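Each remark here refers to the structure printed beneath this line.
Numbering of ligands and ligand atoms starts at 1, following listing order. Since the structure is predicted, the reported quantities are computational estimates derived from the model, not experimental observations.
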Amino acid sequence: MEKQVVKVGLMGFGTVGTGVVRIIQAHQEDLQKQTGLGIEVKKILVQNAEKGRALSSMSSSLTTDPSELLDDPDIDVIVEVIGGISPAKEYILRALEAGKHVVTANKDLMALHGAEILNKAQENGCDVFYEASVAGGIPILRALVEGFSSDRITKMMGIVNGTTNYILSKMSQEGADYAEVLKEAQELGYAEADPTSDVEGFDAARKMAILATLGFHSPLKLEDVDVKGISSVSKEDIAYGKQLGYDVKLMGLARRDGEAIEVSVQPTMIPKSHPLASVNGVFNAVYVYGEAVGETMFYGPGAGEMPTATAVVSDLVTVVKNMKLGVNGRGTVAPYKEKILKDDSQKLSKYFLRIVVADKRGVLAQITHLLADKNISLEQVIQQPYNNGEQAELIMVTHSSSKRDMDDVIAYLEQMDIISEVKSCYRVEGGDRL
Ligand code: HSE
């Protein structure tokens with residue numbers, strides 16, 4: 001007899017796992033109408049089966065033994081929301097070898113070992129979907145793979161980390177210091193006790209590697225992403241940025257010119273008029289530029305129980321629809337383009353520079369001379385007295401320059417006697433919207 005109910009093995013019963021069960025229970029009838037099959041969570045892998053759970057109705061399904069899910073022929077799909085590399089990777093590979101489809105929310109795993117997992121899935125005729133791994137409840141991976149399949153994407157800019165967006169938004173709204181806002185974010189539960197992965201940009205880098213791979217059809221890896229976090233962003237940078245018409249965001253940038261690609265995560269100045277500038281607090285957004293469609297932007301919650309769970313269950317719905325049609329494992333398109341990475345001379349952008357200089361005759365001339373030598377011209381300049389007028393602070397926005405030329409200029413500035421300190425240097429993006 002044909003299968004009437006698809007049985008799911010859920011690995012992890014924390015915040016997202018609980019949301020997954022809630023959505024499957026609450027929308028059972030709609031899900032059945034859409035897929036033609038019932039969906040039932042048969043077993044849930046937990047670390048401690050005795051611990052009290054928000055959904056006590058599931059207590060008889062809990063187990064601490066992964067084999068109860070992986071070796072059960074009745075379980076068709078594994079939903080992995082444990083996170084981290086090990087043991088999630090071993091469990092997923094075992095599941096695929098056993099012919100089970102996989103839905104995962106695991107950005108670490110997909111950014112670092114995505115190719116291995118997807119190859120294993122193809123070998124075994126299985127589906128692997130991972131919508132929840134990037135930007136929580138925003139269906140951006142599906143949009144890239146399906147919605148933009150007929151277009152050629154040339155640029156993606158993502159605010160894909162809620163913690164850092166919360167911190168930078170608060171610093172901007174309240175004129176507050178980084179350390180002060182980070183502490184408050186930790187107290188409110190928006191930032192982890194060890195915030196390194198978020199504030200140093202590593203979490204966002206994983207998400208950008210996944211986005212760029214899908215958007216550009218090229219096998220981009222985590223080590224291909226240039227990463228800089230927000231821990232050195234000061235309230236002065238934000239205030240001067242505002243004065244010049246910019247907001248500071250931790251921006252994931254994936255861009256291709258011809259076939260040459262760059263991917264980075266770094267604090268970036270964007271014009272206040274850019275749609276990404278209005279993305280504040282813990283929200284995420286991904287701006288996608290396609291040659292045919294032009295500008296698009298996807299906005300929403302990047303984390304949280306129910307938003308992330310919708311992404312997971314929607315992937316599950318796709319797996320079940322594929323089961324009904326008998327086409328599992330046939331939809332995945334492996335990256336088919338050669339990976340060509342830009343060198344630093346090809347990475348072009350405007351820059352915001354803040355430096356403290358001696359307030360003496362000819363200083364500005366020496367600096368502009370140095371910039372001119374590197375073909376860098378200035379678009380905006382502010383000069384302010386600094387340190388009771390003994391020095392001056394220079395804030396400059398350049399016209400487009402290469403990263404190589406700008407790095408050379410900074411290395412040179414740092415050695416000049418007239419320069420006390422290069423306080424900050426950020427890319428300025430989004431002015432041309434392309
Ligand atoms: N820590 C992430 C953030 C959420 O702050 O956006 C999970 O990816």
Answer side chain, backbone, both or neither: which part of V282 comes under 4.0 Å from ligand 1, heavy atoms only.
neither
Which residue supplies the protein heavy atom nearest to [atom], what is that atom called, and how far is it?
{"atom": "atom 8 (O) of ligand 1", "result": "K207 NZ, 2.7 Å"}
{"atom": "atom 7 (C) of ligand 1", "result": "K107 NZ, 3.7 Å"}
{"atom": "atom 5 (O) of ligand 1", "result": "T163 OG1, 2.5 Å"}

Evaluate A303 for polar contact with ligand 1, using N/O atom pairs at a separation under 3.5 Å.
no
Please confirm whether the backbone N or O of K403 pairs with a side-chain atom of D344, one donor and one acceptor, at under 3.5 Å?
no
Going by atom types only, do T318 and D315 share a side-chain donor-acceptor pair under 3.5 Å?
no
Looking just at side-chain N and O atoms, do Q266 and T268 make a donor-acceptor pair shorter than 3.5 Å?
no
Please confirm whether E192 approaches ligand 1 to less than 4.0 Å, judged on its heavy atoms.
no
On the 0 to 90° scale, with breaks at 30° and 60°, tag the Y287-H274 ring pair as parallel, tilted or perpendicular.
tilted
Would you check if M156 and L253 make a side-chain contact, meaning some heavy-atom pair closer than 4.5 Å?
no
Can you confirm if the aromatic rings of F283 and Y299 lie within a centre distance of less than 6.0 Å?
yes
Of the listed options (V160, D198, D108), which comes nearest to atom 2 (C) of ligand 1 when hydrogens are ignored and any heavy atom counts?
D198
Per atom 6 (O) of ligand 1, closest listed option by heavy atom (A191, A185, G162):
G162
